[in-house]
Amino acid sequence: MGAKAAGALAVAALVALPPLLPKYHLEVLISVLFWAYLGIAWNLLGGYAGQFSFGHAAFFGIGAYTSTLLLLQVGLTPWVGMVLGGALAAAFGLLEGYLSFRYGLKGPYFSLVTLAFAEMLRVVAVNTKAVGSSLGLVVPSAKAAPAMFMFSGKLPYYYIILAMGALALALTWNIGRSRLGFSLAAVRE
């Protein structure tokens, strides 16, 4: 069996089999796809550019807290909140990157700066009442409301993270074959 046929078979299985799986296995698949999504995001900086960042948890936290706070405080749908959270996390990443590379930090020094930024944000989050302090934020459970990113079962979440992972993989693949991808590889080398 060729690589393309095996890939098509794997995609077909990822789309068709989840409704037949027990809830536990579906939950495991959601977690696997979620971590794969985060790994794809890390691959741009760590894989293509060769810069080892320990701060990606901070970007994840910024996006998650932004989306959740917008839902709880403003009533904004998480579909929009995720985009705004991603934009805020990207802005923070640009600031962190600017400060790091402005002063020529690379290798272990860059890694330590990313770790320090992530730790600073963790300390701020744990000690700030606006974001729930050490308890975090609680999203009230309600009846199924797809417009508010609330579903009655796990299956919609599975298909959403599958689509997000496929989109991230396609985007990363295209970046890797673009001028930006070649520039990132040049930085690594």
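Since this is a predicted model, take the numbers as computed values, not measurements.
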Measuring from [X]:[atom1] to [Y]:[atom2], what's the distance to the nearest 0.5 Å?
{"X": "Lys23", "Y": "Leu155", "atom1": "NZ", "atom2": "CG", "value": "11.5 Å"}
{"X": "Ser178", "Y": "Leu184", "atom1": "OG", "atom2": "CG", "value": "8.0 Å"}
{"X": "Asn43", "Y": "Ile175", "atom1": "CG", "atom2": "CD1", "value": "10.5 Å"}
{"X": "Leu17", "Y": "His25", "atom1": "CG", "atom2": "NE2", "value": "12.5 Å"}
{"X": "Met150", "Y": "Thr77", "atom1": "CE", "atom2": "OG1", "value": "9.0 Å"}
{"X": "Ser111", "Y": "Phe52", "atom1": "OG", "atom2": "CZ", "value": "7.5 Å"}

**OP:** Would you please indicate yes or no on a ring centroid separation below 6.0 angstrom for Tyr103 and Tyr98?
**Re:** no
Would you kindly confirm whether [X] and [Y] end up in one hydrophobic cluster when ILVMFWY residues are joined by side chain heavy atoms under 4.5 Å apart?
{"X": "Ile62", "Y": "Phe60", "value": "no"}
{"X": "Trp42", "Y": "Leu33", "value": "no"}
{"X": "Met164", "Y": "Phe149", "value": "yes"}
{"X": "Tyr157", "Y": "Met82", "value": "yes"}
{"X": "Leu167", "Y": "Leu162", "value": "no"}

For the student: nearest non-hydrogen atoms of [X] and [Y], plus distance:
{"X": "Val187", "Y": "Gln51", "value": "CG1-NE2, 3.7 Å"}
{"X": "Tyr159", "Y": "Pro19", "value": "OH-CD, 3.4 Å"}
{"X": "Leu26", "Y": "Lys154", "value": "CD2-CB, 3.7 Å"}
{"X": "Ala147", "Y": "Pro78", "value": "O-CD, 4.5 Å"}
{"X": "Thr114", "Y": "Glu96", "value": "CG2-OE2, 2.9 Å"}
{"X": "Gly153", "Y": "Pro156", "value": "O-CD, 3.6 Å"}

For the pair [X] (side chain) and [Y] (backbone), establish whether a donor and an acceptor sit closer than 3.5 Å, ignoring hydrogens and angles.
{"X": "Tyr158", "Y": "Glu27", "answer": "no"}
{"X": "Arg188", "Y": "Gly47", "answer": "yes"}
{"X": "Ser134", "Y": "Val126", "answer": "no"}
{"X": "Thr172", "Y": "Ala168", "answer": "yes"}
{"X": "Tyr48", "Y": "Ala186", "answer": "no"}
{"X": "Ser67", "Y": "Ala64", "answer": "no"}
{"X": "Ser100", "Y": "Gly97", "answer": "no"}
{"X": "Trp79", "Y": "Pro146", "answer": "yes"}
{"X": "Asn127", "Y": "Val123", "answer": "yes"}
{"X": "Ser152", "Y": "Ala144", "answer": "no"}

Is there side-chain contact between [X] and [Y], with at least one heavy-atom pair below 4.5 Å?
{"X": "Leu137", "Y": "Leu72", "value": "yes"}
{"X": "Leu84", "Y": "Leu70", "value": "yes"}
{"X": "Ser53", "Y": "Phe117", "value": "no"}
{"X": "Phe92", "Y": "Leu121", "value": "yes"}
{"X": "His56", "Y": "Leu38", "value": "no"}

Subject >> Enclosure of Arg102 CZ (heavy-atom neighbours >12, cutoff 6.0 Å) >> reply: no
Original post:
Within a reach of under 6.0 Å around CH2 of Trp35, are more than 12 heavy atoms found that belong to other residues, nucleotides or ligands?
Top reply: no
Original post:
Under 30°, 30 to 60°, or over 60°: which ring-plane class applies to Phe110 and Phe101, parallel, tilted or perpendicular?
Top reply: parallel
